Amino acid sequence: MSRVFSGIQPSGELHIGNYLGAIKNWVQLQREYEAFFCIVDYHAITIAYAPEDLKRRRREMAVSLLAAGIDPARATLFVQSRVPEHTELAWIFNTITPLGELERQTQFKDKATRQESVNAGLLNYPVLQAADILLYQATHVPVGEDQKQHIELTRDVALKFNTDFDVDLFVPPEPYIGGGTAARVMSLRDGNMKMSKTDPSDMSRINLTDSDELIGQKIRKAKTDPEPLPNDPAALDGRPEAMNLVGIYAEVTGESVERVLHRFAGQGFGAFKPALADALIALIAPLRSRLEEFREDPAELDRLLRSGSERAAKIAAPTLAAAYDAVGLTR
Ligand code: ATP
Ligand code: MG
């Protein structure tokens with residue numbers, strides 16, 4: 001049976017980078033595969049946070065995923081910390097993962113430079129991620145491009161475990177990264193940095209909760225260059241902000257970058273930005289109103305997440321038991 005697993009951190013609000021790069025694919029894949037989607041709160045505590053914010057954001061993330069189209073009747077939507085098998089398997093994986101592999105992960109290096117002090121959890125993040133994925137024997141992991149390196153590490157961990165303990169337990173998964181410009185949406189303030197929930201500037205991203213006015217304002221203030229838009233996509237090379245905004249427009253409207261450029265060639269950002277804001281508003285406004293509906297019934301949300309976590313634990317427990325047996329532990 002082919003299975004899909006993916007996670008998202010409740011470290012802030014769902015933004016269009018998450019949506020275009022990952023969640024849109026989750027919604028598609030839940031129709032074809034047995035799917036597990038996880039709000040990864042154990043991951044979210046690896047960087048500075050306030051416990052009260054974490055509680056609120058976990059619920060907000062669940063609501064955002066439902067509004068974006070995750071259907072609990074098709075997919076198992078659950079909270080990572082409700083299924084402690086994740087950390088139990090991660091501990092075992094820690095003992096077979098070379099330290100050097102963790103130290104060279106780009107994500108770790110990026111996040112470590114932004115923190116005043118770096119905790120061991122941030123370094124071990126990809127080990128926990130390997131446990132998340134491998135507990136469910138997932139064959140495909142829909143993620144944005146920034147996670148590709150972590151999925152490669154997950155494959156290495158799966159193969160090393162099987163070799164070290166002479167078993168055929170873990171399936172090395174494939175990353176599922178959509179084509180086009182959605183796989184890597186960049187910050188609105190710096191075209192060389194990816195859009196992130198934890199970027200200190202909210203102006204760097206468009207969130208699914210943003211009002212129409214705020215979307216307009218963020219796009220108006222988005223960094224650009226003084227050149228008009230070219231006719232040829234190749235001429236966007238060396239213009240990261242222009243390339244990003246055109247890429248977002250293309251993804252949101254479903255048009256190709258070529259087509260978008262044919263229409264706006266020769267025009268400046270004064271003409272392009274309002275069109276981009278309109279396209280984003282058309283995408284986000286309906287999602288935002290669905291979000292309001294899901295917020296109205298917190299008891300139903302709790303019930304849904306509890307039952308998702310129970311379903312997940314039923315799949316995770318036997319995998320963990322087999323891993324314990326292979327390494328000589330008892331549970
Ligand atoms: P954080 O800043 O806390 O790391 P994030 O925005 O990177 O937050 P994650 O929870 O780490 O979000 O990742 C959730 C999913 O969104 C992953 O599949 C990740 O690859 C994808 N993703 C994150 N940022 C982008 C982006 N800028 N473009 C495309 N996909 C993205
Ligand atoms: Mg991230």
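Indexing begins at 1, ligand by ligand and atom by atom, following the structure's order. From a predicted model like this one, the values you see are computed outputs, not experimental measurements.
- Taking only nitrogen or oxygen atoms, main chain and side chain alike, Val185 reaches within less than 3.5 Å of ligand 1.
- When only interatomic distances are considered, the shortest N/O to N/O separation between Gln9 and ligand 1 falls below 3.5 Å.
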Worked check of side-chain contact (heavy atoms from CB on, under 4.5 Å) between Trp26 and Leu65: CA-CA 10 Å; Trp26 295 11; Leu65 293 174; 4.0 Å; yes
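- Taking every non-hydrogen atom of Ala183 and a distance limit under 4.0 Å, the qualifying atoms of ligand 1 come out as 28 (N), 29 (C), 30 (N).
- An N or O contact shorter than 3.5 Å is missing between Gly7 and ligand 1 by distance.
- Note: Phe269 and Phe272 have perpendicular aromatic rings, judged against thresholds of 30 and 60 degrees for the angle between ring planes.
- For ligand 1, the atoms sitting less than 4.0 Å from at least one non-hydrogen atom of Gln147 are 19 (C), 20 (O), numbered in the order shown with element in parentheses.
- With Thr106 as the fixed residue, the side chain to side chain donor-acceptor pair (under 3.5 Å) test singles out one of Lys148, Gln149, Lys111: Gln149.
- Tyr324 and Glu88 form a side-chain donor-acceptor contact under 3.5 Å, judged by distance and modelled atom types alone.
- Checked against a 3.5 angstrom limit, the closest N/O atoms of Asp199 and ligand 1 fall outside it.
- Between atom CG of residue Leu123 and atom CG of residue Leu99 there is a gap of 6.0 Å, rounded to the nearest 0.5 Å.
- Between the side chains of His86 and Asp132, a donor-acceptor pair is found at a separation under 3.5 Å.
- Looking at Ile8 next to ligand 1, no N or O pair under 3.5 Å apart turns up.
- Under 4.0 Å is where a charged nitrogen must lie from a carboxylate oxygen, and between Arg288 and Glu293 no such pair does.
- Using a 4.0 Å cut-off between heavy atoms, Ala44 makes no contact with ligand 1 at all.
- Ligand 1 has a nitrogen or oxygen under 3.5 angstrom from a nitrogen or oxygen of Met195.
- In summary, the atoms of ligand 1 found under 4.0 Å from a heavy atom of Ser196, numbered by their order in the structure, are 2 (O), 6 (O).
- Atom 9 (P) of ligand 1 has Lys197 NZ, 3.3 Å as its closest protein atom, hydrogens excluded (heavy atom only).
- Using a non-hydrogen distance threshold of 4.0 Å, Ala182 registers as a contact of ligand 1.
- Backbone and side-chain nitrogen or oxygen atoms of Asn18 are examined, and one is located within less than 3.5 angstrom of a nitrogen or oxygen of ligand 1.
- For atom 31 (C) of ligand 1, the nearest non-hydrogen atom from the set Gly17, Gly178, Gly21 belongs to Gly17.
- Not a single heavy atom of Arg205 sits closer than 4.0 Å to an atom of ligand 1.
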Evaluation steps, ring-ring contact (aromatic ring centres under 6.0 Å, His included), between Phe37 and Phe78: CA-CA 6 Å; Phe37 299 127; Phe78 71 106; 9.5 Å; no
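- Listed by chain and number, the residues in a salt bridge (charged side-chain N to carboxylate O under 4.0 Å, His left out) with Asp190 amount to none (sequence neighbours excluded).
- At least one heavy atom of Lys111 sits less than 4.0 Å from an atom of ligand 1.
- Arg155 and Glu152 are not joined by a salt bridge, as no carboxylate oxygen comes within less than 4.0 angstrom of a charged side-chain nitrogen.
- The nearest protein atom to atom 3 (O) of ligand 1, hydrogens excluded, is given as Ser11 OG, 2.6 Å; this is a heavy-atom distance.
- Looking at ligand 1, you won't find any N or O of Gln107 less than 3.5 Å from one of its N or O atoms.
- Side-chain polar atoms of His150 and Gln129 form a donor-acceptor pair below 3.5 angstrom.
- Looking at residues two or more places apart in sequence or on another chain, you find no salt bridge (charged side-chain N to carboxylate O under 4.0 Å, His left out) involving Asp278.
- Of the protein's non-hydrogen atoms, the one nearest atom 6 (O) of ligand 1 is His15 NE2, 2.7 Å.
- For ligand 1, one of its N or O atoms has an N or O atom of Asp146 under 3.5 Å away.
- Using modelled atom types, one finds no donor on one side chain facing an acceptor on the other under 3.5 Å when comparing Gln28 with Tyr33.
- Contacts with ligand 1 closer than 4.0 Å are made by no heavy atom of Glu145, backbone or side chain.
- For atom 2 (O) of ligand 1, the closest non-hydrogen atom of the protein is Thr198 OG1, 2.4 Å.
- The nearest protein atom to atom 24 (N) of ligand 1, hydrogens excluded, is given as Lys194 NZ, 2.8 Å; this is a heavy-atom distance.
- Contact of the Arg3 side chain with the Gln137 side chain is registered, since non-hydrogen atoms from C-beta on lie closer than 4.5 Å.
- Ligand 1 places these atoms under 4.0 Å from at least one heavy atom of Gly144: 18 (O), 19 (C), 20 (O), 21 (C), 30 (N).
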